[in-house]
K.L.:
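Below: one structure in C-alpha cells.
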Amino acid sequence: MKFNYLFPYKYKKPGWALFILGFLLGLLSISYLRENSLFNCKVFAFFGEELFGGKYFFSIITNNILDELACIFLIFGAFFIAFSKENSEDEFISKIRLESLVWSTYMSYGVLLLAVIFVYGIPFFWVLAFNMFTLLTFFIVRFKWAVVKFKKQIDSKELL
C-alpha cells in the first residue's frame with residue numbers, strides 16, 4: 001500500500017526540534033518575554049482590534065511576534081512528527097495511525113466540551129488557545145504509545 005500523504009521519515013527529527021523550540025518559545029511568551037521589544041516588528045494584519053483602541057483592517061502594525069513564532073513552530077513540528085512515516089511503515093502501523101487520530105479527535109473535543117461547560121471568561125480563551133494544539137499532541141502521544149506497546153508485544157512473542 002502506498003502512503004502518499006505522509007512525509008518521509010527524515011522529517012521526524014526536524015519536527016521534534018521545531019516542536020520543542022515552539023513549546024519553549026510559548027512558555028517564554030506566556031511568562032516574561034512578552035514585553036521584550038526584541039520581538040517587536042512591523043507586520044501586515046488583515047484585521048485587529050486594540051484593547052482600548054479602534055479596529056484596523058488590512059494595515060501594517062507593530063506587534064510582538066513571539067507568540068506567533070511559537071505557534072508556527074509548534075504546528076509545523078507537530079505536523080512533521082505526526083505525519084512522517086515510521087521506519088517500518090506497514091498496514092498495521094497505518095491502522096494504529098488511524099485509530100490514534102480518531103481517539104485524539106474525541107479527546108480534543110472532549111476537552112473543548114468540558115471547557116465550554118465549566119470554564120468562563122478569559123480563562124476560556126486560554127483553553128481555546130491551548131486547544132489548537134491538543135489534537136496533534138494527543139495524536140502524537142497516543143500513536144507513539146500504541147506503537148511502543150505493539151513492538152513490546154512482538155518482542156515478547158519472539159522471546160517465547
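Computed from a predicted model, the values in this text were never measured in an experiment.
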K.L.:
Does the side chain of Phe83 come within less than 4.5 Å of Tyr5's, by heavy atoms?
P.N.:
no
K.L.:
Which pair of non-hydrogen atoms, one from Ile140 and one from Ala78, has the smallest distance, and what is that distance?
P.N.:
CD1-O, 3.8 Å
K.L.:
Does Phe58 form a side-chain contact (heavy atoms from CB on, under 4.5 Å) with Phe46? I'd like the steps, not just the answer.
P.N.:
CA-CA 4 Å; Phe58 301 104; Phe46 286 115; 3.3 Å; yes
K.L.:
What about Leu66 and Val43, same hydrophobic cluster or not, with Ile/Leu/Val/Met/Phe/Trp/Tyr joined at side-chain heavy-atom distances under 4.5 Å?
P.N.:
yes
K.L.:
If you look at every heavy atom in Gly77 and Leu18, which pair is closest and at what distance?
P.N.:
CA-CB, 3.8 Å
K.L.:
Give me the atom names and distance for the closest heavy-atom approach of Gly22 to Ala70.
P.N.:
O-CB, 3.5 Å
K.L.:
Quick one, Phe143 and Ile81 - any side-chain contact, counting heavy atoms below 4.5 Å?
P.N.:
no
K.L.:
Would you say that Glu99 contacts Trp103 through its side chain, given a criterion of any heavy-atom pair below 4.5 Å between the two side chains?
P.N.:
no
K.L.:
Tell me whether Phe76 at atom CZ has more than 12 heavy atoms from other residues, nucleotides or ligands lying less than 6.0 Å away.
P.N.:
no
K.L.:
Could you give the distance from CG (Leu69) to OG (Ser29), rounded to the nearest 0.5 Å?
P.N.:
9.5 Å
K.L.:
Starting at CZ of Phe39, measure out to CG of Leu25 and round the result to the nearest 0.5 Å.
P.N.:
6.5 Å
K.L.:
Are the charged groups of Glu86 and Lys12 less than 4.0 angstrom apart, N to O?
P.N.:
yes
K.L.:
If hydrophobic clusters are built by linking Ile, Leu, Val, Met, Phe, Trp and Tyr wherever their side-chain heavy atoms come under 4.5 Å apart, do Ile72 and Leu74 end up in the same one?
P.N.:
yes
K.L.:
Identify the two heavy atoms, one from Leu135 and one from Ser108, that lie closest to each other, and give their separation to 0.1 Å.
P.N.:
N-OG, 3.6 Å
K.L.:
Is atom OH of Tyr56 surrounded by more than 12 heavy atoms (other residues, nucleotides or ligands) closer than 6.0 Å?
P.N.:
yes
K.L.:
Could you tell me whether the side chain of Thr134 and the main chain of Asn131 form a donor-acceptor pair under 3.5 Å?
P.N.:
yes
K.L.:
Please check if atom CZ in Phe133 has more than 12 non-hydrogen atoms from other residues, nucleotides or ligands closer than 6.0 Å.
P.N.:
yes
K.L.:
Is Lys10 atom NZ crowded by more than 12 heavy atoms from other residues, nucleotides or ligands, each under 6.0 Å away?
P.N.:
no
K.L.:
Could you grab the distance from atom CD1 of Ile65 to atom CG of Leu38, nearest 0.5 Å is fine?
P.N.:
9.0 Å
K.L.:
Is there a side-chain contact between Phe139 and Thr105 in this structure, where contact means two heavy atoms from C-beta onward sitting under 4.5 Å apart?
P.N.:
no
K.L.:
Mark yes or no for whether Ser59, through its side chain, and Phe57, through its backbone, hold a donor-acceptor pair below 3.5 Å.
P.N.:
yes
K.L.:
Would you call the rings of Phe80 and Phe7 parallel, tilted or perpendicular, where under 30° means parallel and over 60° means perpendicular?
P.N.:
perpendicular
K.L.:
Is there a path of hydrophobic side-chain contacts, each under 4.5 Å between heavy atoms of I/L/V/M/F/W/Y residues, joining Phe79 to Val141?
P.N.:
no
K.L.:
Roughly how far, to the nearest 0.5 Å, is the CG atom of Leu114 from the OH atom of Tyr109?
P.N.:
14.5 Å
K.L.:
Ignoring hydrogens, what is the shortest heavy-atom contact between Ala45 and Ile61? Give both atom names and the distance.
P.N.:
CB-CD1, 4.0 Å
K.L.:
Taking atom OG1 of Thr137 and atom CE of Met132, what is their separation to the nearest 0.5 Å?
P.N.:
11.0 Å
K.L.:
Do the side chains of Asn63 and Glu68 get nearer than 4.5 Å, heavy atoms only?
P.N.:
yes
K.L.:
Check whether any side-chain heavy atom of Arg97 sits under 4.5 Å from a side-chain heavy atom of Leu101, and report yes or no.
P.N.:
no
K.L.:
Looking at Ser104 and Ser100, would you say the former's side chain and the latter's main chain have a donor-acceptor pair under 3.5 Å?
P.N.:
yes
K.L.:
Taking atom CZ of Phe124 as the centre, report whether more than 12 heavy atoms of other residues, nucleotides or ligands fall under 6.0 Å from it.
P.N.:
yes
K.L.:
Is any side-chain heavy atom of Trp126 closer than 4.5 Å to one of Val119?
P.N.:
no
K.L.:
Linking I/L/V/M/F/W/Y whenever any side-chain heavy atoms sit under 4.5 Å apart, do Tyr9 and Leu136 land together?
P.N.:
no
K.L.:
What I want to find out is whether Glu91 reaches Lys95 closely enough, with some N-O distance under 4.0 Å, to be called a salt bridge.
P.N.:
no
K.L.:
Can you get from Leu113 to Tyr120 by hopping between Ile, Leu, Val, Met, Phe, Trp and Tyr side chains that sit under 4.5 Å apart?
P.N.:
no
K.L.:
Is there a side-chain contact between Phe138 and Val111 (heavy atoms, below 4.5 Å)?
P.N.:
yes
